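To keep things clear, I will list the structure first and then write my remarks on it.
Note on naming: letters A, B, ... go to the chains in the order of the sequence lines (proteins, then strands), and numbering restarts at 1 for each one. Bear in mind that the values here come from a model prediction, so they are computed numbers and not experimental data.
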Amino acid sequence: KQGQRRLDSFFTAA
Amino acid sequence: MFEARLAKGAIFKKILEAVKDLLTEASWDCGDMGITLQAMDNAHVSLVSLNLRSDGFDKYRCDRNLTMGMNLGSMSKILKCAGNDDIVTIRAQDNPDTVTFVFESENGEKQSDYEMKLMSLDLEHLQIPETEYACVVKMPAGEFARICRDLSQFGDSIVISCSKQGVKFSASGDIGSANVKLAQSSNVDKEEEAVTIEMQEPVSFTYACRYLNFFTKATPLSAQVKLSMSPEYPLMVEYAIDDIGQIRYFLAPKIED
C-alpha cells in the first residue's frame, strides 16, 4: 500500500 | 500601470492550458523582473511555479508591484478567444479590481479586449530551496507525455528509475505490468530529440500518474522536458518557454505506508 506525501512536508512557507 | 505585450500570444494560450486543470485559481505576481505565479493544487501534492522574464516581452511596463488573483478557468475562457497568431497584451491599473486582455491580429485589422474581475486570494507561498539533484533527465517532451499516458493504463502510479544505463518508467496493476526504458542518446543530430542523463547517484521513486498527466499539458510549450530527482526532495518537471522563461512543476513522491 502506498501513501501520497504532501509538498508541505518538503517545503516551508515563504 | 502594468502592461505586458507578447507578440507570440499563443504562449499565453499554452500556459493556461498547462495550468488550468491543476489549479482553479492563482495569483499572478508582476514586478520589474517579470511575471511569476506559484500555486499548489488543492491536495497540496503538487506545485506550479511559472516565471516569465520582463525582457522576454515585446513591451513590459510595471510601475508598482502587483498581485493579481485570477480564476484560471475564466482566464482560460478569455485566452481561448485569442487567435493563435494574435499579439496579446495584459494591462492593469495600479491596485486593480480588473485586468484587461487585448488581442490584436497580426495585420492589425482586428482588435478585441476582454476585461476580467480579479479575486482577492490568500494563498500559501512556499519557499523552494535550490538543490543539487541526484539525477537530471532531459528528453523530448512528447515522448514523456506519451509514456505517462501509456503507463497510466496499468496503474495509478509510475516508478521512475534512473541509472547510468538510462531511465526506466514502470507501472503495474490488475491487467499486468509495463516498462519503458530510454537509453542516453549516443548520436544526436537534433538536440531536441536527445535523451541526456546527468547522474550523481541512481534513484528510483514512485509518482502519481494523475499529476504527471496534468504536467504534460505543458508539452506544446517546449520540445524538451527536464526531470530532476533527488532523495527526500520532490520531483521537478520543467518546460522551458521560448526565451522568456519556464514552467516548473513539483510533485511529492508516493511512499510505502
Side-chain angles (χ1 to χ4, degrees), chain A, chain B residues 22-23 27 29 36-49 67 122-131 133 155-159 170-173 204-212 214-215 228-237 248-257:
Chain A
K1 172 114 177 89
Q2 282 174 334
Q4 173 65 61
R5 290 189 67 176
R6 284 163 54 108
L7 276 184
D8 316 65
S9 65
F10 296 96
F11 298 147
T12 52
Chain B
L22 198 54
L23 310 171
S27 289
D29 295 310
T36 60
L37 175 154
Q38 192 212 76
M40 280 189 281
D41 69 279
N42 284 335
H44 286 204
V45 168
S46 70
L47 179 143
V48 180
S49 175
T67 295
D122 185 22
L123 298 172
E124 190 182 355
H125 256 252
L126 294 182
Q127 187 74 44
I128 303 167
E130 288 288 317
T131 187
Y133 286 95
D156 295 340
S157 33
I158 294 178
V159 180
S170 312
S172 60
S204 181
F205 299 109
T206 305
Y207 302 105
C209 290
R210 175 182 155 76
Y211 291 94
L212 294 174
F214 281 141
F215 303 167
S228 303
M229 290 170 285
S230 266
E232 278 310 302
Y233 206 81
L235 165 73
M236 181 175 78
V237 179
R248 290 175 174 158
Y249 301 92
F250 293 87
L251 176 60
K254 285 185 157 189
I255 45 161
E256 296 296 327
D257 270 344

Exercise. Is it the backbone or the side chain of A/F11 that comes under 4.5 Å from a heavy atom of chain B, or both, or neither?
Worked result: both

For this session: Check whether B/S46 gets within reach of chain A through its side chain, its backbone, both or neither, counting any heavy atom under 4.5 Å.
Result: backbone

Exercise. If you count heavy-atom pairs under 4.5 Å between each of B/Q38, B/M40, B/K254, B/H44 and chain A, which one has the most?
Worked result: B/H44

Problem set entry | Gap separating the CG atom of B/D41 from the OH atom of B/Y211, nearest 0.5 angstrom | 4.0 Å

Exercise. Would one find more than 12 heavy atoms of other residues, nucleotides or ligands at under 6.0 Å from atom CZ of B/R210?
Worked result: no

For this session: Quick one: list whatever passes salt bridge (charged side-chain N to carboxylate O under 4.0 Å, His left out) with A/D8, sequence neighbours left out.
Result: A/R6

Problem set entry | Residues forming a side chain to side chain donor-acceptor pair (under 3.5 Å) with B/D29, sequence neighbours excluded | B/T67

